[in-house]
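Right, one structure below, let's go through it.
Heavy-atom basis, side chains included; hydrogens, waters and symmetry copies ignored. Here is the naming used below: chain letters follow the sequence lines, and residue numbers restart at 1 for every chain.
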Protein chains: 2
Amino acid sequence: MTLESSNLTKNQQTVLNILEKSTEPLKAYAILFDIQKKGIKSPLQVYRALDKLIEIGKVHKIESRNSYIACKHEGCNAKTSTAFLICEKCDNVTELKRNNLLSYFSKQAEKDNFQYRKHNLEIYGLCNNCKLKN
Amino acid sequence: MTLESSNLTKNQQTVLNILEKSTEPLKAYAILFDIQKKGIKSPLQVYRALDKLIEIGKVHKIESRNSYIACKHEGCNAKTSTAFLICEKCDNVTELKRNNLLSYFSKQAEKDNFQYRKHNLEIYGLCNNCKLKN
DNA sequence: GACCGTAATGTTATAATATTACATATCATA
DNA sequence: TATGATATGTAATATTATAACATTACGGTC
């Protein structure tokens, strides 16, 4: 299987389906409980599928929440770099897609003689919905 | 105890001391094992101290590594917002201190009608030392 | 098709990280 | 000295993630 192909294996496809259907990020064990009927029985099977999906850029991890989200952007640079808006009230997460972040961070890092490879940005606050409800 | 004071309790001070002496971020259980001689016996005591230290801005959590680092910056805005350079080779972590990140992210978030409160940025790559060794 | 190497799978056990629950103690201050 | 908020101690447990090992599937190539 080449890295860029969409030839996912059964377990990988099963996990991706769950994430794509979800309107919110999911935790690994939530995924596991959801799909125990589909032949996936152990945490490791989920984690392995997640690792692969992350590697090929189909899924990202929200580090501060230990949760996982399917990437909606085709052909973005998110294989390596990610940015999220995380609502602290409703836990909604949206992926920020601005390509200039990468070059901006790359320059910031260079100022400290640091060789940029990738980044993860998590912004916390209130989503539009929750702002209006207040 | 007021929030801005440096009146740390014994446990809090013990944990902070360990982190300040360390040249690298520490994990909660590493802290625990280090200080079991000083009266701290359970994970919870460490986590509670960490929570407080994070709340008052003395310590930050590196989310993607589940590790904790003492803040070297006096009076920075890091009570809420943080940015790190993380070396993938030697695991060295340095805190980025650029105040304009906050306003930059705040504006980025606004474009999506998102009300910014704080952020965490983790940049991965090679530190200067490791670059030179290659 | 037979062979080979790489990647994925299945399974059990366990490690690593973090929190709940509840009883008690400390401390500032009214 | 009574009160309320904060911190502590302790045991148990929940949550997140990986190690170890045996086996199977799959793609390329001879």
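A stacked arrangement is not assigned to A:Tyr29 and the six-membered base ring of D:dT15, the conditions of a centre distance below 5.5 Å and an interplanar angle below 30° not being jointly met.
Here the closest non-hydrogen pair linking A:Ile86 and A:Ser64 is CD1-OG, 4.1 Å.
In this model, the phosphate group of D:dA17 is approached by a side-chain N or O of A:Asn66 to a distance below 4.0 Å at OP1 or OP2. Proximity of A:Lys10 to the phosphate of C:dT9: no side-chain N or O atom is located under 4.0 Å from OP1 or OP2. When the side-chain nitrogen and oxygen atoms of B:Lys27 are compared with OP1 and OP2 of C:dT17, one or more of them lie within a distance under 4.0 Å. Contact annotation: B:Ser42 side-chain N/O to D:dA11 OP1/OP2 distance is not under 4.0 Å. Contact between the side-chain N/O atoms of A:Asn11 and the OP1/OP2 oxygens of C:dG10 is found at a separation under 4.0 Å. Phosphate contact (OP1/OP2 of D:dA17, side-chain N/O of A:Tyr47, threshold under 4.0 Å): present. Look at A:Tyr68 and you won't find any side-chain N or O under 4.0 angstrom from OP1 or OP2 of D:dT16. Side-chain nitrogen and oxygen atoms of A:Thr9 include at least one within less than 4.0 Å of the OP1 or OP2 phosphate oxygen of C:dT9.
Between B:Leu44 and A:Arg65, the residue whose closest nucleotide on DNA chain D is further toward the 5' end is B:Leu44. The nearest heavy atom of DNA chain C to B:Lys61 and to A:Pro43 marks one nucleotide each, and the one closer to the 5' end goes with A:Pro43.
Proximity of B:Ile54 to B:Lys61: side-chain heavy atoms (C-beta onward) are separated by under 4.5 Å at one or more points. Taking the side chain as every heavy atom from C-beta outward, A:Leu19 and A:Ile69 never approach each other to under 4.5 Å.
In this structure, CD of A:Gln13 is placed 12 Å from P of C:dT9, rounded to the nearest angstrom. If you measure from atom NZ of B:Lys38 to atom P of D:dT8, you get 16 Å, rounded to the nearest angstrom. A straight line from CD1 of B:Ile40 to P of D:dT8 spans 8 Å, rounded to a whole angstrom. The CD-C1' distance, from B:Glu63 to C:dA16, rounds to 16 Å in whole Å. As a whole-Å value, the separation of A:Arg48 CZ from D:dT24 P is 15 Å. Between the CD1 atom of A:Ile62 and the P atom of D:dA17 there is a distance of 13 Å, given to the nearest Å. Atom pair B:Lys41:NZ and D:dT8:C1' shows a separation of 11 Å (rounding to whole Å applied). The distance from atom CG of A:Leu50 to atom P of D:dT18 is 11 Å, rounded to the nearest whole Å.
The side chain of B:Gln45 has D:dT8 as its nearest neighbour among C:dG10, D:dT8, D:dA17. In the set D:dA7, C:dA8, C:dA21, the nucleotide with an atom closest to the side chain of B:Lys52 is D:dA7.
If you look at B:Tyr124 and A:Tyr116, their ring centroids are not closer than 6.0 Å.
Between the side chain of A:Glu20 and the backbone N or O of A:Asn17 there is no donor-acceptor pair closer than 3.5 Å. Counting only distance, with no hydrogens or angles, the side chain of A:Gln115 and the backbone of B:Asn128 share no donor-acceptor pair below 3.5 Å.
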